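What follows is a short report on a single structure.
The sequence lines fix the lettering, A, B, ..., with proteins before strands; numbering per chain opens at 1. No experiment lies behind these values; they were computed from the predicted model shown.
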Number of protein chains: 2
Amino acid sequence: MERDSPAAAYYEMHAYLCKALAHPVRLLIIDQLRDGPQAVGDLADRMGLSQSNLSQHLGILRAKRLVSHRREGSNVYYQIRDPRLIRAFDLLREVLRDVLREDDWLVGSFQASTPAPLPSLGRL
Amino acid sequence: MERDSPAAAYYEMHAYLCKALAHPVRLLIIDQLRDGPQAVGDLADRMGLSQSNLSQHLGILRAKRLVSHRREGSNVYYQIRDPRLIRAFDLLREVLRDVLREDDWLVGSFQASTPAPLPSLGRL
DNA sequence: GCATAATATTCCGACATCCGAATGTGGTTG
DNA sequence: CAACCACATTCGGATGTCGGAATATTATGC
């Protein structure tokens with residue numbers, strides 16, 4: 001494949017989109033928006049995140065056109081743009097479940113290399 | 001807020017998996033393995049990547065259990081473990097297509113001047 | 001207009017990822 | 001075993017990402 005072919009550009013953009021999924025907080029946000037729009041404040045409360053940090057993550061999802069937002073009064077409501085995003089999310093989660101079932105992976109390489117903790121939430 | 005709840009750990013691992021998709025070269029690899037196993041050397045030739053770099057990316061996919069590998073003679077063959085990975089790949093590519101159609105986010109602007117902070121990953 | 005609430009953006013130090021070069025490892029061939 | 005081949009791993013510097021604090025923006029109520 002040529003280095004700067006249109007195909008290569010497509011993979012770059014695809015990766016650019018996927019980077020939005022490559023962070024636990026943003027996955028949590030997507031999962032929270034699964035059943036409809038949510039106001040930023042409510043999300044922050046429920047997720048136990050700082051306002052600034054949540055807003056930054058929402059900004060990333062917004063820049064990549066994965067969520068849309070509208071003002072309503074003094075609040076801003078975010079929602080998922082495309083339901084296929086949820087389907088992709090769920091597919092990857094299924095893959096993850098099977099990976100975890102196959103071998104004892106959790107106690108192996110993962111925990112060693114990722115010390116980052118997270119606020120809790122939600123249904124699995 | 002329990003920062004180490006099982007739910008949070010799940011999102012962390014989900015993100016850890018997604019990071020494998022968050023790079024154009026690894027997406028290209030996944031696409032190349034779509035129709036069956038491939039030897040490392042063939043992949044390197046076809047993609048025009050350095051041996052070292054390809055091997056590092058394969059190592060990441062392998063560590064996350066997204067591909068499996070087997071020796072055969074002096075070659076090593078890689079393949080996708082779970083077809084749902086391909087489905088997720090395709091879903092996200094569809095979402096990308098529509099995103100690009102909605103706003104004219106790409107056309108002409110991707111290569112010359114970046115409207116939103118699109119990352120330039122040097123060379124593919 | 002002023003004060004306040006809700007959200008966004010900027011700045012910056014800490015940490016993670018990327019890639020090439022060099023080096024290591026295991027299998028094959030003579 | 002020695003020389004190669006196919007591939008993996010390590011090292012290091014450049015570059016990118018993260019999150020908190022501070023600051024800016026946009027509405028609402030008075």
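No single ILVMFWY cluster, assembled from side-chain heavy atoms under 4.5 Å apart, contains both B/V67 and B/Y77.
Atom CZ in A/R70 sits roughly 15 Å away from atom P in D/dA27 (whole-Å rounding). The CG-P distance, from B/L58 to C/dC18, rounds to 14 Å in whole Å. Spacing between atom CG of A/L49 and atom P of D/dG19 amounts to 8 Å, rounded to whole angstrom units. The interatomic distance linking A/L61 (CG) with D/dT17 (C1') rounds to 15 Å, in whole Å. Computed from coordinates, the B/L54 CG to C/dC18 C1' distance equals 14 Å when rounded to whole Å. In this structure, B/K19 places its NZ atom 14 Å from C1' of C/dC18, rounding to the nearest Å. Rounded to whole angstrom, the span from the CG atom of B/L21 across to the P atom of C/dT17 amounts to 14 Å. Separating the CD atom of A/Q38 from the P atom of C/dA6 is a distance of 16 Å, rounded to the nearest angstrom.
For A/R84, the salt bridge (Lys or Arg N to Asp or Glu O under 4.0 Å) partners at least two apart in sequence or on another chain are A/D82, B/E94, B/D98. The salt bridge (Lys or Arg N to Asp or Glu O under 4.0 Å) search around B/R97 returns none, not counting sequence neighbours.
Among the atoms of the strands shown, only primed sugar atoms or phosphate atoms (P, OP1, OP2) are found under 4.0 Å from some heavy atom of A/S50. Nucleic acid contact class of A/G59 (heavy atoms, under 4.0 Å, all strands): none.
Residue A/H69 places none of its side-chain N or O atoms closer than 4.0 Å to OP1 or OP2 of C/dT7. Between A/N75 and C/dA6 there is no side-chain N or O to OP1 or OP2 distance below 4.0 Å. The side chain of A/Y78 places an N or O atom within less than 4.0 Å of a non-bridging phosphate oxygen (OP1 or OP2) of C/dA8. The phosphate of C/dT9 (OP1 or OP2) has a side-chain N or O of A/R62 nearer than 4.0 angstrom. Applying the 4.0 Å criterion to OP1 and OP2 of D/dG19, one finds that A/H57 has a side-chain N or O inside that range.
Distance alone, capped at 3.5 Å, is enough to place a donor-acceptor pair between the B/R65 side chain and the B/A63 backbone.
Toward the 5′ end of DNA chain C lies the nearest nucleotide of A/Y77, the other residue of the pair A/Y77 and B/N53 mapping further downstream.
Put simply, CG on A/L33 and CD1 on A/I29 are 7.5 Å apart, with the number rounded to the nearest 0.5 Å.
Exactly one residue among A/H23, A/R26, A/R93 makes a side chain to side chain contact (heavy atoms under 4.5 Å, CB included) with B/Y11. That residue is A/R93.
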* Any chance you could list the contact pattern along nucleotides 21-30 of chain C? Use B for base contacts, S for sugar-phosphate-only contacts and - for none, protein heavy atoms under 4.0 Å, 5' to 3'. => B-----SS--
* Asked: Passes side-chain hydrogen bond (donor to acceptor under 3.5 Å, both in side chains), B/R62 versus B/Y78? Steps please.
  -> CA-CA 9 Å; B/R62 178 160 34 89; B/Y78 280 82; 3.1 Å; yes
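The listed nucleotides are C/dC18, D/dC18, C/dA8; the one nearest the side chain of B/H23 is C/dC18.
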